[in-house]
4 protein chains.
Amino acid sequence: MSKGVNKVILIGHLGADPEVRYAATGNAMTTLNVATNENWLDKQTNQWQTRTEWHRVVMFARLAEVAGQYLRKGSQVYIEGRLQTRKWQDQSGTERYTTEIVANEMQMLGGRGEGAPNMPPDAAQQGNQSYAAPAVSAAPAGYSSGGNNYNYPPSGAPAAPARPATASSPPPSDFDDDIPF
Amino acid sequence: MSKGVNKVILIGHLGADPEVRYAATGNAMTTLNVATNENWLDKQTNQWQTRTEWHRVVMFARLAEVAGQYLRKGSQVYIEGRLQTRKWQDQSGTERYTTEIVANEMQMLGGRGEGAPNMPPDAAQQGNQSYAAPAVSAAPAGYSSGGNNYNYPPSGAPAAPARPATASSPPPSDFDDDIPF
Amino acid sequence: MSKGVNKVILIGHLGADPEVRYAATGNAMTTLNVATNENWLDKQTNQWQTRTEWHRVVMFARLAEVAGQYLRKGSQVYIEGRLQTRKWQDQSGTERYTTEIVANEMQMLGGRGEGAPNMPPDAAQQGNQSYAAPAVSAAPAGYSSGGNNYNYPPSGAPAAPARPATASSPPPSDFDDDIPF
Amino acid sequence: MSKGVNKVILIGHLGADPEVRYAATGNAMTTLNVATNENWLDKQTNQWQTRTEWHRVVMFARLAEVAGQYLRKGSQVYIEGRLQTRKWQDQSGTERYTTEIVANEMQMLGGRGEGAPNMPPDAAQQGNQSYAAPAVSAAPAGYSSGGNNYNYPPSGAPAAPARPATASSPPPSDFDDDIPF
DNA sequence: TTTT
DNA sequence: TTTT
């Protein structure tokens with residue numbers, strides 16, 4: 001049944017430039033690392049602290065292309081999407097899980113001037129691929145859209161933790177274009 | 001500073017009864033497994049399919065107690081909260097990440113009559129522990145509220161996958177009450 | 001440009017059966033009256049009070065038809081949409097304003113069994129008529145989609161308050177099908 | 001019952017400087033006029049058009065003070081709140097309705113540098129006055145918080161339309177501090 | 001790894 | 001009345 005709501009809304013800044021990949025079909029997939037900050041009062045010290053949460057955001061098709069074109073490290077963005085947890089196997093064969101936000105809407109915020117061209121008016125929203133699949137699929141070919149496990153990182157890739165503890169452990173970056181994503 | 005929005009909204013059904021734990025201080029923490037369903041049209045077969053996404057929801061203090069008291073497997077709920085990814089170590093010492101929704105609001109939906117008493121009027125919302133910490137902390141003692149890594153499951157526990165592949169692999173359930181959560 | 005977010009999320013109950021109208025083109029428009037309740041603590045008396053807010057929700061095309069078919073007075077619904085204020089003239093020629101939620105998603109909640117058939121899987125979401133207009137327009141013919149003032153109630157109709165004080169003052173109901181909505 | 005969700009999320013720009021008022025008790029109330037823009041494709045001309053929607057946002061207490069201090073005409077803001085329609089009487093004694101967003105969270109977006117000092121970390125969120133009233137009430141004294149009709153504009157004031165057609169018909173601005181708001 |  |  002269509003009973004269910006799964007919605008995420010983020011406003012944050014990119015910790016790095018977008019990563020854009022292309023499937024053999026030409027479909028784009030972009031991943032963003034988005035930081036959301038919040039402040040909380042430490043009752044012990046009575047001081048304000050900042051907590052940063054990092055989010056892995058993925059987007060497809062036209063939205064992916066626009067993100068790759070207009071966003072940069074430091075850009076402030078509004079993201080709307082849904083939560084999705086997918087299973088993958090690390091190099092030791094262990095099943096691991098990564099939770100991502102699959103974006104269906106994006107807005108570039110602030111950042112007036114600073115050299116970046118403006119996003120085109122038709123770029124802000126993805127036809128929601130969940131409920132009513134758009135004419136041009138938002139998911140790349142080779143992506144088994146019916147399940148949670150569109151299999152990236154591919155087998156044989158180095159372990160790619162969902163949230164790397166340090167910069168030395170980068171997000172998945174060695175995808176094979178022939179085995180898309 | 002306080003620039004940032006990190007918001008999740010879910011409507012779904014519980015896949016199991018809530019799990020309630022108590023810290024040594026008496027503070028409650030409840031975890032829910034919430035399924036959100038959506039339908040998508042398989043273009044190949046031209047048939048409607050259902051995709052289920054499972055979400056791990058955690059809540060503290062009064063909200064946790066109310067959830068434990070009024071929700072049951074199958075209950076339909078509205079959840080509002082924020083995304084949080086925490087790091088933990090599995091039994092092999094490998095760092096793993098689990099993404100959860102930390103709820104600050106909950107509404108029990110539908111289910112009129114059916115034996116379950118109604119939730120009390122003051123139960124619906126948690127003082128948001130992120131921005132303005134409530135007088136009675138929403139986070140249990142023993143929970144290092146300043147970071148992302150409030151450390152459960154504890155070291156030494158069996159691996160608890162973020163999203164079990166089957167029912168045979170339950171969510172973390174063998175926490176030690178003396179080392180809360 | 002496409003900088004802007006205008007989003008409303010409601011969960012409430014219908015105060016009356018949906019009102020469905022059809023444009024000359026056959027396009028449907030449905031209006032719902034949705035009550036959202038919240039509780040607040042009266043500090044004077046230290047007692048919990050209930051506050052009810054009424055919302056006028058409008059929807060078009062397929063979503064409008066589904067709402068008319070499956071919702072009834074008392075139904076619990078999830079609504080997602082955008083705010084829109086339109087101008088109209090009452091019988092004295094005075095300009096008046098009505099704020100509505102233009103729905104693009106709807107979920108029927110709870111109400112298991114009770115005689116009502118389930119909503120079809122493709123009914124939950126409207127192609128968002130704002131950003132990327134759907135193939136079948138979500139707006140009825142005769143509706144000047146570019147502005148805020150699609151002119152109902154029509155001139156000459158009795159005054160129709162945005163939010164009637166009592167049930168004796170119903171929402172606009174005497175629309176002329178030839179001058180749609 | 002606590003069954004109900006009434007949530008609005010806006011990102012837009014201020015059409016004018018905030019209007020700040022103070023009750024006799026010293027409590028602040030600020031109103032914002034926020035424009036949200038969206039683009040839609042005119043099928044007739046195959047051209048992109050912009051539609052602007054104006055929103056009346058009200059906020060109280062600390063949030064009201066911060067808005068008055070840091071926001072200006074043109075500022076980009078994120079607003080989260082609830083819809084509220086209140087009844088008032090125009091000078092002819094006719095009942096009129098105005099729908100507002102009562103904000104409980106606000107974020108200033110973009111606008112780096114440009115002379116404006118930053119918002120303090122504790123300013124972003126209002127204790128939600130609906131569900132669990134904060135220690136310092138978010139509603140000004142003199143405001144009958146139990147109903148929808150906190151009576152401004154006061155009787156005897158010139159008519160103040162919810163959404164003035166032109167700038168010559170300003171938002172309510174002649175409140176009497178002794179009859180707060 | 002972001003931002004203020 | 002905003003913004004891009």
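Residue numbering restarts at 1 for every chain, and letters A, B, ... go by the order of the sequence lines. Bear in mind that the values here come from a model prediction, so they are computed numbers and not experimental data.
- If you take CD1 of A:I11 and P of E:dT3, they are 16 Å apart, rounded to a whole angstrom.
- Checked against E:dT2, F:dT2, F:dT1, the side chain of D:A16 finds its nearest nucleotide in F:dT1.
- The separation between D:Q76 atom CD and F:dT1 atom P is 21 Å, rounded to whole Å.
- Listed by chain and number, the residues in a side-chain contact (heavy atoms from CB on, under 4.5 Å) with D:A16 amount to none (sequence neighbours excluded).
- The main-chain N or O of B:T85 is found under 3.5 Å from a side-chain atom of A:E53 such that the two form a donor-acceptor pair.
- Listed by chain and number, the residues in a side-chain contact (heavy atoms from CB on, under 4.5 Å) with A:E65 are A:Y22, A:A28, A:R62 (sequence neighbours excluded).
- For A:I79 and E:dT2, the CD1 to C1' distance is 14 Å, given to the nearest whole Å.
- For the pair A:H13 NE2 and E:dT2 P, the computed distance is 11 Å after rounding to whole Å.
- In this structure, D:L14 atom CG and F:dT3 atom P are separated by 10 Å, rounded to whole Å.
- Taking only distance into account, the side chain of A:N37 meets the base of E:dT2 through a donor-acceptor pair shorter than 3.5 Å.
- With respect to the salt-bridge test (charged N to carboxylate O, under 4.0 angstrom), the residues A:D17 and A:K73 do not qualify.
- Counting to the nearest Å, the P atom of E:dT1 and the CZ atom of A:R72 are 20 Å from each other.
- The distance between atom CE of A:M108 and atom P of E:dT2, rounded to the nearest whole Å, is 17 Å.
- With rounding to whole Å, D:H55 atom NE2 is found 11 Å from F:dT2 atom C1'.
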